[in-house]
Enquirer: 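Starting off with a structure, shown below.
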Amino acid sequence: MITRFSLAILWLVHFLPRPIISGIGASLGILFYALSAERRHVVEKNVALCFKEKPTREQKRLRKRHFISLGRAITDSSIAWWGSEESIRKLASVKGKEHLDRALSVGPVIVLAPHFVGVEILGIRLSLEENAQSMYSQQKDPVLNQFLISKRSRFRDIRLFSRQEGIKNIVRSLKARLPLFFLPDMDFGPRDAAFVPFFGVPAATINAVPRLAMLTNARIVPVTIRQTGAKSPYRIQFFEAWDNYPTGDSALDTRRMNAFIEDQVIQMPEQYYWVHKRFKTRPDGQPSLYEQ
């Protein structure tokens, strides 16, 4: 009931002028910061672990800015979910797509998309440009789960595979040159993961990217989405395909992936998805970082 009510409110919000939508989102973020003690604690721990060099005051300012960016992304996503193609194109510009096109002309491609707050907008905006496939995580709420599946494929028949389905169909589609939109930086536990440093902290990191690249001879084309103050509120940026990847050294290849994400986070630290327990899984014998 709560999910349906929240989605109904967001549906009403998407009719408003975009600056008002953004303002509502910022207010929502501030409210979230004030009321959600659990997520505020998660963000506090993540920021402290990843930005040890920042003074306490700067860390606090970064945390608040993160919740504001997150709130904006939630309300702006209403445009991606219900808005017209024209309004979505105005919401997010796309730069560097020639890197993706060039890689696709050669062979299979994995589009590496780190978890920045606008990633929901990123996926729907790119669906206006390209057929694709993607893996998704089943949501605990079945209403929200079905809603997200329907919205992510509203413009094209995007092939969505749950993480529970395995990779057989993904491999087949990659070999048919259907690009894989892959989000590599969530902690799903120790299975199919390696402990690789992320901002100097061992993080359980999915090693599927180098494994899939090795299996299918796929090229890796990174992409990010950034909130801006420009005419287009979001900017999607594709990067050149990685050379000499994978190397065959899974730990080294996974570390390169994390290093790229770190570089992007440093450029827009408030926009990374800090509400996720990125360091939830610990190496054997190490205590939880979120219960301290």
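Only heavy atoms go into these numbers, but all of them, side chains included; no hydrogens, no water, no symmetry mates.
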Enquirer: Indicate yes or no: does D76 engage R18 in a salt bridge with an N to O separation below 4.0 Å.
Expert: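 Yes, charged N to carboxylate O under 4.0 Å.
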Enquirer: Just how far is it from atom CG of N131 to atom OG of S173, taken to the nearest 0.5 Å?
Expert: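 Output value for this atom pair is 11.0 Å.
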Enquirer: What are the two closest heavy atoms between E53 and C50, and how far apart are they?
Expert: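 The pair with the smallest heavy-atom distance is OE1-O, 4.3 Å.
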Enquirer: Per the salt bridge (Lys or Arg N to Asp or Glu O under 4.0 Å) rule, which among K64, R65, R61 passes with E270?
Expert: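 Single pass found, and it is R65.
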Enquirer: When you measure from the side chain of R40 to the backbone of Y33, do you find a donor-acceptor pair of N or O atoms at a distance under 3.5 Å?
Expert: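 Checked: pair present.
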Enquirer: Crowded around L35 CG? As in, over 12 foreign heavy atoms under 6.0 Å?
Expert: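 Yes, because the 6.0 Å sphere around CG of L35 holds more than 12 heavy atoms from other groups.
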Enquirer: Quick check: do W11 and W81 have side-chain heavy atoms less than 4.5 Å from each other?
Expert: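 W11 vs W81: side chains apart.
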Enquirer: Hey, does the side chain of Q59 reach the backbone of K54 with a donor-acceptor pair shorter than 3.5 angstrom?
Expert: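 A pair under 3.5 Å: yes.
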Enquirer: Assigning hydrophobic clusters by single linkage (Ile, Leu, Val, Met, Phe, Trp, Tyr; side-chain heavy-atom cutoff under 4.5 Å), is Y272 placed with Y290?
Expert: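 Yes: a chain of side-chain contacts under 4.5 Å links Y272 to Y290.
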Enquirer: For the residue pair F260 and P222, what are the closest heavy atoms and their distance?
Expert: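 Heavy-atom minimum between the residues: CZ-CB, 3.3 Å.
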Enquirer: Could you check if a side-chain atom of T3 sits within less than 4.5 angstrom of a side-chain atom of F147, using non-hydrogen atoms only?
Expert: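 No, their side chains stay 4.5 Å or more apart.
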Enquirer: Under a 4.0 Å threshold between the charged nitrogen and the carboxylate oxygen, would K60 count as salt-bridged to E44?
Expert: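 Salt bridge flag = no for K60 with E44.
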Enquirer: Checking R256 side chain against W242 main chain: does a donor-acceptor pair fall under 3.5 Å?
Expert: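 Here the side-chain-to-backbone pair does not exist.
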Enquirer: Does the S105 side chain pair with the main chain of R102, one donor and one acceptor, at a distance under 3.5 Å?
Expert: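 Yes; at least one donor-acceptor contact below 3.5 Å.
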Enquirer: With R278 as the cation and F198 as the aromatic partner, state whether NZ or CZ is under 6.0 Å from the six-membered ring centre and within 45° of the axis.
Expert: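 Geometry flag: set, cation within 6.0 Å and 45°.
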Enquirer: Answer with yes or no whether the hydrophobic clustering places I68 together with V265; edges join I, L, V, M, F, W, Y residues whose side-chain heavy atoms lie under 4.5 Å apart.
Expert: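 In one cluster with I68: V265, no.
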Enquirer: Got F238 and V111 here, is their nearest side-chain heavy-atom distance under 4.5 Å?
Expert: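 Yes, side chains in contact.
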Enquirer: Out of curiosity, D249 CG to T247 OG1, how far, rounded to the nearest 0.5 Å?
Expert: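 One finds 5.0 Å between CG of D249 and OG1 of T247.
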Enquirer: Nearest 0.5 Å, what's the CG-CG distance between L160 and L148?
Expert: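 Reported value, rounded in 0.5 Å steps: 10.0 Å.
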Enquirer: Count I, L, V, M, F, W, Y as connected when their side-chain heavy atoms are under 4.5 Å apart, and connections chain through other members. Are L178 and I124 then in the same cluster?
Expert: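 Hydrophobic grouping puts L178 apart from I124.
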Enquirer: For the salt bridge (Lys or Arg N to Asp or Glu O under 4.0 Å) test, which of R125, R156, K97 pairs with E130?
Expert: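 Testing E130 for a salt bridge (Lys or Arg N to Asp or Glu O under 4.0 Å) against R125, R156, K97 leaves exactly one candidate, K97.
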Enquirer: Locate the shortest heavy-atom distance separating H115 from M186; write the atom from each residue and the value.
Expert: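 Minimum heavy-atom separation between H115 and M186: CE1-CG, 3.1 Å.
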Enquirer: Is a donor on one side and an acceptor on the other found under 3.5 Å between the side chain of R89 and the backbone of S84?
Expert: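 Looks like no, no N/O pair under 3.5 Å.
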Enquirer: Hey, what do you get for CG (L7) to CG (L144), rounding to the nearest 0.5 Å?
Expert: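 L7 CG to L144 CG: 6.5 Å, rounded to 0.5 Å.
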Enquirer: Do you know which two heavy atoms are closest between T75 and I21, and how far apart they sit?
Expert: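 Here T75 and I21 meet closest at OG1-O, 3.1 Å.
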Enquirer: Side chain to side chain donor-acceptor pair (under 3.5 Å) with T205: which of N258, D187, T281?
Expert: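 Between T205 and the candidates, side chain to side chain donor-acceptor pair (under 3.5 Å) is satisfied uniquely by N258.
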Enquirer: Under a 4.5 Å cut-off applied to non-hydrogen side-chain atoms, are F181 and L122 in contact?
Expert: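 F181 vs L122: side chains touch.
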Enquirer: For the CZ atom on R154, are there more than 12 heavy atoms of other groups (residues, nucleotides or ligands in this structure) within a distance under 6.0 Å?
Expert: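 Correct, the count exceeds 12.
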Enquirer: In terms of hydrophobic clustering (I, L, V, M, F, W, Y; side-chain heavy atoms under 4.5 Å; direct or indirect links), are F32 and L62 co-clustered?
Expert: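 Linked within one cluster.
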Enquirer: How many angstroms lie between atom NE2 of H14 and atom CD1 of I79, to the nearest 0.5 angstrom?
Expert: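 Atom-to-atom, H14:NE2 and I79:CD1 are 8.5 Å apart.
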Enquirer: Do F51 and F199 have their ring centres less than 6.0 Å from each other?
Expert: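 F51 vs F199: aromatic centres under 6.0 Å.
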Enquirer: Taking only Lys NZ, Arg NE, NH1 and NH2, and the carboxylate oxygens of Asp or Glu, determine whether R219 and E240 approach each other closer than 4.0 Å.
Expert: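 Looking at R219 and E240, the cut-off is not met.
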Enquirer: Short question: side chain of W274, backbone of P269 - any donor-acceptor pair under 3.5 Å?
Expert: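 Yes, the answer is positive, given that a donor and an acceptor are paired below the 3.5 Å cut-off.
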Enquirer: Quick check: is F188 connected to F182 through a chain of hydrophobic side chains (ILVMFWY, heavy atoms under 4.5 Å apart)?
Expert: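 Same cluster: F182 reaches F188 through Ile, Leu, Val, Met, Phe, Trp or Tyr contacts under 4.5 Å.
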Enquirer: Short question: side chain of R226, backbone of G118 - any donor-acceptor pair under 3.5 Å?
Expert: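 Judged by distance alone, no pair lies under 3.5 Å.
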Enquirer: Taking all heavy atoms of L49 and all of K52, pick out the closest pair and write down the distance.
Expert: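 Looking at all heavy atoms of both residues, the closest pair is O-NZ, 2.6 Å.
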Enquirer: Closest approach of A92 and I121, non-hydrogen atoms and distance?
Expert: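 Between these two residues, the closest heavy atoms are CB-CG2, 4.3 Å.
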Enquirer: Is K90 paired with E86 through a side-chain N to carboxylate O contact shorter than 4.0 Å?
Expert: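 Yes, this pair counts.
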Enquirer: Contact between L70 and Y273 at the side-chain level, heavy atoms closer than 4.5 Å - yes or no?
Expert: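 Yes, at least one pair of side-chain atoms sits under 4.5 Å.
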Enquirer: Find out whether H276 and D185 are in side-chain contact, i.e. whether some heavy atom of one side chain is under 4.5 Å from a heavy atom of the other.
Expert: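 Not touching, per the 4.5 Å side-chain cut-off.
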Enquirer: So, do M257 and D253 sit near enough that their side-chain heavy atoms are less than 4.5 Å apart?
Expert: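 Side chain of M257 against side chain of D253, heavy atoms only: no contact under 4.5 Å found.
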Enquirer: So, applying side chain to side chain contact (heavy atoms under 4.5 Å, CB included) with Y245, which one of L252, V209, I110 is it?
Expert: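 Between Y245 and the candidates, side chain to side chain contact (heavy atoms under 4.5 Å, CB included) is satisfied uniquely by V209.
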Enquirer: Apply the test salt bridge (Lys or Arg N to Asp or Glu O under 4.0 Å) to residues R152 and E120: give CA-CA distance (whole Å), side-chain angles for both, the deciding distance (0.1 Å), then the verdict.
Expert: CA-CA 8 Å; R152 290 167 182 173; E120 186 71 20; 2.9 Å; yes
Enquirer: Would you say that L31 contacts F67 through its side chain, given a criterion of any heavy-atom pair below 4.5 Å between the two side chains?
Expert: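 No; the side chains remain at least 4.5 Å from each other.
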Enquirer: Please report the interatomic distance CD(E291) to NZ(K45), rounded to the nearest 0.5 Å.
Expert: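 It is 11.0 Å, given to the nearest 0.5 Å.
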